[in-house]
Amino acid sequence: MSYTCGLLPVLEQGDDHHYEMSEYEGARARWCPGCGDHSVLTAVQRLLAAEQLIPEQTVFVSGIGCSSRFPHYMKTYGFHGLHGRALPVATGIKLHRPELTVFVAMGDGDCTSIGAAHWIHAMRYNVDMTAMMLDNGIYGLTKNQTSPTTPQGFKSNTQPYGSFLPALNPIAASLGVTNASFVAQTAEWAPSHLYATLRAAYKHKGFSFVRILQRCPVYTPSLFQRAVQDPANITLLVHDDGVVTPDLEKIYQSQTHHDPRDLAAARALAEQSDRINLGVFFKDPSKPRYEETRRVAPRTPVERVALLEKEFARYAV
Ligand code: SF4
């Protein structure tokens, strides 16, 4: 039995309601036709239905950018915040309400430029959430501006003679962060790999960073063209403890057996520039999580006031 609170159905205890995928659909997505974000949205809604996540106990947090419209398109709770600030908001939500399931949607500019400091420290804090970085190699919402992951030489409105610097490598950067516990890469044009990777990230206890290669047919239509048209340019990292997609074996025949516990091998794979590796690069659920190491017993309002008074008393003159 359920009743409605605002837009969300609220379940009473013992409710055996089965959620259909359509029940996670929010507003109609306004991304451009052919945008890879649509594919990610479908994979996420499929995941929530498969895991039967309760909408009012699930939160999507985003910053600013095309992909940051994500929370509007989910019928869960959501927070569409400031540019680059999705991760501190998500961290605050999870620390205060650990029972909630938290997802973060960021773009490449959002995460690896203005939000880069938050990205590094969120990985180090290792608070349990799934962070998706949808990487189309450009600032799309602000109309074709160079981002840190824009390929060198790519002409944009902000660097019309071509991007000056080599692109930042988000997987290599993530693998360099102390206490990182889950780093993976997938592509939105390989739906079963996308789904399996997001599922592995969701199941991981700790901060899961997933870079999703995402086509933007408006500003960077050629960015992943070679990989999309010729699967031989892609290598799948396979392992029972990572992502296994038997349905893709015929399409992606280049496969590497990679143990996600092997950080040195993960770093070597991340540095390969002649091909695209998809899969779980690194995973270590034993890494300490901030919410565990800093856990305090729940306190009543009276106890909180008493604690505050005690603190104030320390500074009394
Ligand atoms: Fe998607 Fe690019 Fe359109 Fe943004 S500009 S919605 S990334 S296709």
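Not measured: the values here are computed from a predicted model. Numbering of ligands and ligand atoms starts at 1, following listing order.
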Any idea which protein heavy atom is nearest [atom], and the distance to it?
| atom | answer |
| --- | --- |
| atom 4 (Fe) of ligand 1 | Cys66 SG, 2.4 Å |
| atom 6 (S) of ligand 1 | Cys32 N, 3.5 Å |
| atom 7 (S) of ligand 1 | Asn136 ND2, 3.2 Å |
| atom 2 (Fe) of ligand 1 | Cys216 SG, 2.3 Å |

Suppose I only count heavy atoms of [X] and a 4.0 Å limit; which atoms of ligand 1 are within that range?
| X | value |
| --- | --- |
| Gln214 | 7 (S) |
| Tyr219 | 5 (S) |
| Trp31 | 6 (S) |
| Pro217 | 8 (S) |

Quiz item: Distance only, no hydrogens: is a donor on one side chain within 3.5 Å (strictly under) of an acceptor on the other, for His80 and Ser68?
Solution: no
Practice problem: State whether Cys35 contributes an N/O/S atom found under 2.8 Å from atom 3 (Fe) of ligand 1. | Solution: no
Practice problem: Please state which part of Leu141 comes within less than 4.0 Å of ligand 1, counting heavy atoms only: side chain, backbone, both or neither. | Solution: neither
Self-check item: Audit row: Gln272, Asn277, side-chain hydrogen bond (donor to acceptor under 3.5 Å, both in side chains) steps and yes/no
Solution: CA-CA 8 Å; Gln272 287 181 344; Asn277 292 313; 2.9 Å; yes
Exercise. Report, as yes or no, whether the 6.0 Å neighbourhood of atom CZ on Arg275 holds more than 12 heavy atoms from other residues, nucleotides or ligands.
Key: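 Yes, CZ of Arg275 has more than 12 neighbouring heavy atoms, counting only those of other groups under 6.0 Å.
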Practice problem: Assess the pair His17 and Tyr19: is the distance between their ring centroids shorter than 6.0 Å? | Solution: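 When the ring centroids of His17 and Tyr19 are compared, they turn out to be within the sub-6.0 Å range.
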Practice problem: Kindly assign one of parallel, tilted or perpendicular to the pair Phe224 and Trp189, based on the angle between their ring planes and the thresholds 30° and 60°. | Solution: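 Rings of Phe224 and Trp189: tilted, as their planes differ by 30° to 60°.
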Self-check item: same_hphob_cluster(Phe282, Met123) at 4.5 Å side-chain heavy-atom cutoff
Solution: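 Yes, Phe282 and Met123 fall within the same hydrophobic cluster.
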Practice problem: Flag the pair Glu188 and Arg215 as a salt bridge only when some basic side-chain nitrogen lies within less than 4.0 angstrom of an acidic carboxylate oxygen. | Solution: yes
